[in-house]
Amino acid sequence: MTASPTLSQAVSCLDDYDPDALRVADARRVIERFVSPVEAVERVALRAALGRVLAADVISAIDVPAHDNSAMDGFAVRSSDLDAGKETSLRVIGAAFAGVPFEGPVGAGEAVRVMTGAVMPQSCDTVVVQEIARLEGDEVHVPAGQQRGQHRRLRGEDLRAGRAALDAGRIVTPADLGLLASLGVAELPVRRRLRVAFFSTGDELRSIGEALAAGEVYDSNRYTLYGMLSRLGVELIDMGVVPDRRDALQEAMRIAGDNADAIISSGGVSVGEADFTREVMQRLGDVAFWKIAMRPGRPMAFGRVGKACYFGLPGNPVAVMITFYFLVRDALLRMSGAGERRVAMLRARALGGIRKRPGRTEYQRAVLEFGDDGSMQVRTVGTQGSGVLRSMSQANCIVVLGHDQTTVRAGELVDCVAFDGLL
Ligand code: AMP
Ligand code: MG
């Protein structure tokens, strides 16, 4: 195993490192350098591999399909028998079904009835679909104009034996499960699940079921984090709410650092609160306090506590989600052993103007939809305050306005990250 870098080694990749004015792209680079994948591998049954990270390439032991076969219901024929200019009559000498091949030879002037998936009978190279063939007794009449090789699937056209069907680092999808099943794979090696401990900090936080006194709020961050982490398929260690006390924070951090690969906390890293968090972190690990040039977001702590990677996110509920998606998510995927997974960005026309200050990356909650002219349009939703979760619920995408970008005028194209695809 390669030794993990210290934070100062990780930040040395930047030309100028200013923890109080860090670009999003630079923070992402440092984080990427700092984290490394879990090494342990376990073997799981095919279905259990859904959403897991492949630990090795899966090599196909067979050709898929294993034989040339018919892609349609119809008649398998020898193209050399067909008359290009007029109808050809052939004698039907048997039938082949999926799983029940026609065993005999097929001579000149002969054809075999075939169903979709049936192995192509010997010497036949072409399928005439039943809708255009005319059957009279045991004679089939084939119209002119058939293409040699039509409606035939070739052996190995999906996958050749010896080739990698899926690469290591792949997160197994529903399509992959089907592909692996088609290769007869019963079991496969995946990386062990990443263990992520998470907790909220703040004396004002109450748990669901408790009454709220003046100034108190329900702890929502642990629920959004639960949701986002669950989608990543990691193992969760929910550590609840940690009060704003040195000893409590230190104890939570110590336990998390002993048991998790990654720790995510929310709150307690903004100016005014950071001082005491900083003191605890200094005692326990190698942690930097950053002010990132982003909105929402900005304060964040990052480093190592015990054997775990630590992400100290801001307290504001929307800031938690944005920093998670744009700074933490890729790091957790990398730690899980996943290969690079770019989020799909698309460009859409802004329906209204969006104020933007250059010198920071801004993330706006928005709704993507098709306009009357069929083009993609995007409009921002609700209040963009970093505590307003409802607009995050209403949104179906985030508009990302780059570091140097200035105010967007209505009609200009902007980059968007959609929340959900088919999954
Ligand atoms: P902090 O960064 O700890 O100063 O928190 C910033 C703001 O986010 C404060 O208004 C907190 O009440 C709020 N906040 C912090 N943690 C949570 C949480 N887990 N759920 C809801 N709001 C929170
Ligand atoms: Mg707080």
Side-chain angles (χ1 to χ4, degrees), residues 14 18 21-32 221 224-225 227-229 231-232 264 266 290-300 302 311 313-314 316-334 338 340-371 375-423:
L14 304 180
D18 178 359
L22 197 57
R23 284 172 175 250
V24 170
D26 287 343
R28 288 174 54 89
R29 276 177 68 194
V30 172
I31 293 171
E32 190 190 330
N221 290 342
T224 43
L225 280 172
M228 295 186 293
L229 288 166
R231 290 259 173 116
L232 284 186
I264 301 177
S266 71
W290 288 342
K291 290 196 183 74
I292 302 178
M294 68 188 290
R295 200 177 110 116
R298 209 160 126 84
M300 177 174 166
F302 174 71
F311 301 89
L313 306 187
N316 275 313
V318 178
V320 166
M321 295 194 75
I322 296 294
T323 49
F324 181 90
Y325 281 136
F326 294 94
L327 292 163
V328 181
R329 178 181 173 277
D330 280 354
L332 296 182
L333 286 171
R334 190 175 152 73
E340 196 177 354
R341 282 192 110 204
R342 280 176 197 279
V343 289
M345 279 264 194
L346 46 94
R347 300 200 124 182
R349 217 160 282 290
L351 271 181
I354 308 174
R355 280 186 36 204
K356 164 70 171 64
R357 215 169 76 189
R360 67 186 186 196
T361 308
E362 294 189 12
Y363 302 88
Q364 296 256 341
R365 284 142 268 170
V367 172
L368 262 175
E369 57 206 354
F370 284 112
S375 69
M376 268 293 196
Q377 301 181 338
V378 66
R379 62 184 163 83
T380 57
V381 284
T383 328
Q384 297 286 329
S386 64
V388 185
L389 253 192
R390 201 166 79 89
S391 53
M392 199 75 188
S393 260
Q394 291 170 313
N396 67 6
C397 78
I398 296 289
V399 172
V400 181
L401 303 171
H403 188 86
D404 298 316
Q405 201 163 343
T406 53
T407 289
V408 175
R409 283 189 304 269
E412 277 182 49
L413 289 173
V414 289
D415 290 338
C416 310
V417 178
F419 284 150
D420 287 307
L422 282 173
L423 292 183

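In this text, all values refer to a predicted model and were calculated from it rather than measured experimentally. What you see below is based on every heavy atom in this structure, not just the backbone, and it leaves out hydrogens, waters and symmetry mates.
Taking both residues in full, the closest heavy atoms of F326 and R28 are given as O-NH1, 2.7 Å, listed atom of the first, atom of the second, then distance. Shown here for M321 and M392, the closest heavy-atom pair between the two residues is SD-CG, 3.5 Å. The shortest non-hydrogen separation linking T407 to R355 is OG1-CA, 3.6 Å. In this structure, R23 and A293 approach most closely via the heavy-atom pair CA-CB, 4.5 Å. Considering all non-hydrogen atoms of both residues, A319 and P314 come closest at CB-CG, 3.8 Å. Scanning both residues, Q405 and V400, for their nearest heavy atoms gives OE1-O, 4.4 Å.
Interatomic distance, D330 CG to E32 CD, rounded to the nearest 0.5 Å: 8.0 Å. Here CG of L232 is found 5.5 Å from CG of L333. Values are rounded to the nearest 0.5 Å. Atoms OG and CZ, on S393 and F419 in that order, are 9.0 Å from each other to the nearest 0.5 Å. Atom-to-atom distance recorded for D26:CG and I292:CD1 is 10.0 Å, nearest 0.5 angstrom. Atom CG of L351 and atom OG1 of T380 lie 9.0 Å apart (nearest 0.5 Å). Rounded to the nearest 0.5 Å, atoms CZ (R29) and CG (L22) are 10.5 Å apart.
Taking the side chain as every heavy atom from C-beta outward, V414 and R347 never approach each other to under 4.5 Å. Between I398 and C416, every side-chain heavy-atom pair lies at or beyond the 4.5 Å cut-off. Contact annotation: the side chain of V367 never approaches that of Q394 to less than 4.5 Å [non-hydrogen atoms, C-beta and beyond]. Side-chain contact between P296 and Y363: present, with at least one pair of heavy atoms (C-beta onward) separated by less than 4.5 Å. The side-chain heavy atoms of I354 and E412, taken from C-beta on, include no pair separated by under 4.5 Å. A 4.5 Å side-chain heavy-atom check between R357 and E362 finds at least one atom pair inside the cut-off. Using a 4.5 Å cut-off on side-chain heavy atoms (C-beta onward), W290 and V30 make contact. In this structure the side chain of T323 reaches within 4.5 angstrom of the side chain of M294, judged on heavy atoms.
A donor-acceptor pair under 3.5 Å is absent between the side-chain atoms of N221 and the main chain of S266, judged by distance alone. Under the 3.5 Å distance criterion, the side-chain polar atoms of K356 are matched with a main-chain donor or acceptor of G402.
Of the listed residues (T383, N316, V381), just one forms a side-chain contact (heavy atoms from CB on, under 4.5 Å) with V388, and that residue is T383.
R365 and S391 share a donor-acceptor pair across their side chains, judged by distance under 3.5 Å alone.
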Is there a side-chain contact (heavy atoms from CB on, under 4.5 Å) between L229 and I264 once you walk through the steps?
-> CA-CA 10 Å; L229 288 166; I264 301 177; 4.0 Å; yes

Verdict with supporting geometry, E340 and R334, salt bridge (Lys or Arg N to Asp or Glu O under 4.0 Å) = CA-CA 8 Å; E340 196 177 354; R334 190 175 152 73; over 6 Å; no

Does the pair M376 and F370 meet the rule for a side-chain contact (heavy atoms from CB on, under 4.5 Å), with working shown?
-> CA-CA 5 Å; M376 268 293 196; F370 284 112; 4.1 Å; yes

